[in-house]
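Report on the following structure.
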Protein chains: 2
Amino acid sequence: MKNLKMDNIRDYLMTNDIKPSYQRIRIYEYLMNSYDHPRVDEIYKALIDEIPTLSKTTVYNTLNLFIEKGIIHMVTIEGTEVRYDVDISDHGHFKCDVCGKVYDFKADIVEIETNLGESFIINQKDLFFRGICPSCSVKN
Amino acid sequence: MKNLKMDNIRDYLMTNDIKPSYQRIRIYEYLMNSYDHPRVDEIYKALIDEIPTLSKTTVYNTLNLFIEKGIIHMVTIEGTEVRYDVDISDHGHFKCDVCGKVYDFKADIVEIETNLGESFIINQKDLFFRGICPSCSVKN
DNA sequence: AATAAATTTGTAATGATTACAATATAAAAT
DNA sequence: ATTTTATATTGTAATCATTACAAATTTATT
Ligand SMILES: [Mn+2]
Ligand SMILES: [Mn+2]
Ligand SMILES: [Zn+2]
Ligand SMILES: [Zn+2]
């Protein structure tokens, strides 16, 4: 998505106060190239072949570190399903109830008006839709 | 909230194709009187004193049944935290990062415009905000 | 009252996440 | 270059939430 190359990921992590270890670079790289908001297990399974020593704990540690430093977001649409998103720009998520795929969409989330007073300090806004995606509704 | 009494809960469950057992009535009643979007454990702990034989499995079964029949919603704000909401009208949720309390707020969720084409069938729209609530920001 | 159906319960199994100590790697100091 | 220190990774065990399942109980039907 951001079209960063290996060296640029290294710089990007460093500017965000993250030491660019090999594992961290590869995990960020994977997130960058995956449009489907992967779960921990998918990330682990995708990398274990090329990084045979990789531990699932490292994946968890790294993702939590990335979140803490603000370079990725956690995406929770339903139940206990936790996904990760390297795109931290303002956008919404749609999950198809049939195929389970998660789509990004544009929305003016900032513009949404509420009856929360000004005394509420809002740090994050998330918008989740669910339903049936085009390719699944065609099959039906 | 809806100010339903015991007998009315019984009717309400029946009109939604749910046999009104004692446990189901009490669980729905608890949800109705709790404004804080309780977790499974809170519901169980609140009722176990008055219903000593209550099983946590029954709480799970009942909540899943209620969701299936559409009389409650699951609220997932972050990570693995699953909460339940008896208010199925259109509204958003705000979670305070300090005290953890979940607030309801009004928002025109239906009106939110997106770039999802018309070929997406949208069944549910959820809006989650996070930040610091008034009473916690005062203390700071 | 007897039988069948539905609900509840308790326990075990599963799965995701975290805790923690040991090992390995990288950085700093001598 | 070697030693020391700090940081990161790994593997295993512990924890916690949820589900699966079969037995027991309750409710409905005959
Ligand atoms: Mn996204
Ligand atoms: Mn609510
Ligand atoms: Zn689909
Ligand atoms: Zn608060």
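None of the values given here were measured: they were computed from a predicted structure. Throughout, a chain's letter reflects where its sequence line sits, starting with A, and its residues are numbered from 1.
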Enumerate the protein-to-nucleotides 7-9 of chain D contacts in which both atoms are nitrogen or oxygen and the separation is below 3.5 Å.
from, atom 1, to, atom 2, distance (Å)
D:dA8, OP1, A:Arg24, NH1, 3.1
D:dT9, OP1, A:Ser21, OG, 2.4
D:dT9, OP1, A:Gln23, OE1, 3.3
D:dT9, O3', A:Gln23, NE2, 3.0

Provide a list of protein-nucleic acid N or O atom pairs under 3.5 angstrom, restricted to nucleotides 13-19 of chain D.
from, atom 1, to, atom 2, distance (Å)
D:dT18, OP2, B:Tyr60, OH, 2.5
D:dT18, O5', B:Tyr60, OH, 3.3

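- At distances below 3.5 Å, not a single donor-acceptor pair connects side-chain atoms of B:Thr114 with backbone N or O atoms of A:Lys106.
- Within the 3.5 Å criterion, the main-chain N or O of A:Asp87 finds a donor-acceptor partner in the side chain of A:Asp85.
- Remark: P of C:dA24 and CD1 of A:Ile51 are 18 Å apart, rounded to the nearest angstrom.
- Atom CG in B:Leu65 sits 9.0 Å away from atom OG in B:Ser21 (nearest 0.5 Å).
- In this view, A:Lys69 and A:Asp17 satisfy the salt bridge (Lys or Arg N to Asp or Glu O under 4.0 Å) rule, not counting sequence neighbours.
- Under 4.0 Å is where a charged nitrogen must lie from a carboxylate oxygen, and between B:Lys45 and B:Glu42 no such pair does.
- Applying the side-chain hydrogen bond (donor to acceptor under 3.5 Å, both in side chains) test to B:Glu113 and every residue at least two apart in sequence or in another chain returns nothing.
- Listed by chain and residue number, B:Arg24, B:Ile27, B:Thr58, B:Phe66 satisfy the side chain to side chain contact (heavy atoms under 4.5 Å, CB included) test with B:Thr62 (two or more places apart in sequence, or in another chain).
- In this structure B:Val40 satisfies the side chain to side chain contact (heavy atoms under 4.5 Å, CB included) test together with B:Lys56, B:Val59, B:Tyr60, B:Leu63, B:Tyr84, sequence neighbours excluded.
- Residue B:Arg26 contributes atom CZ, which lies 14 Å from atom P of C:dT8 at whole-angstrom precision.
- Between the OH atom of A:Tyr44 and the P atom of C:dG15 there is a distance of 16 Å, rounded to whole Å.
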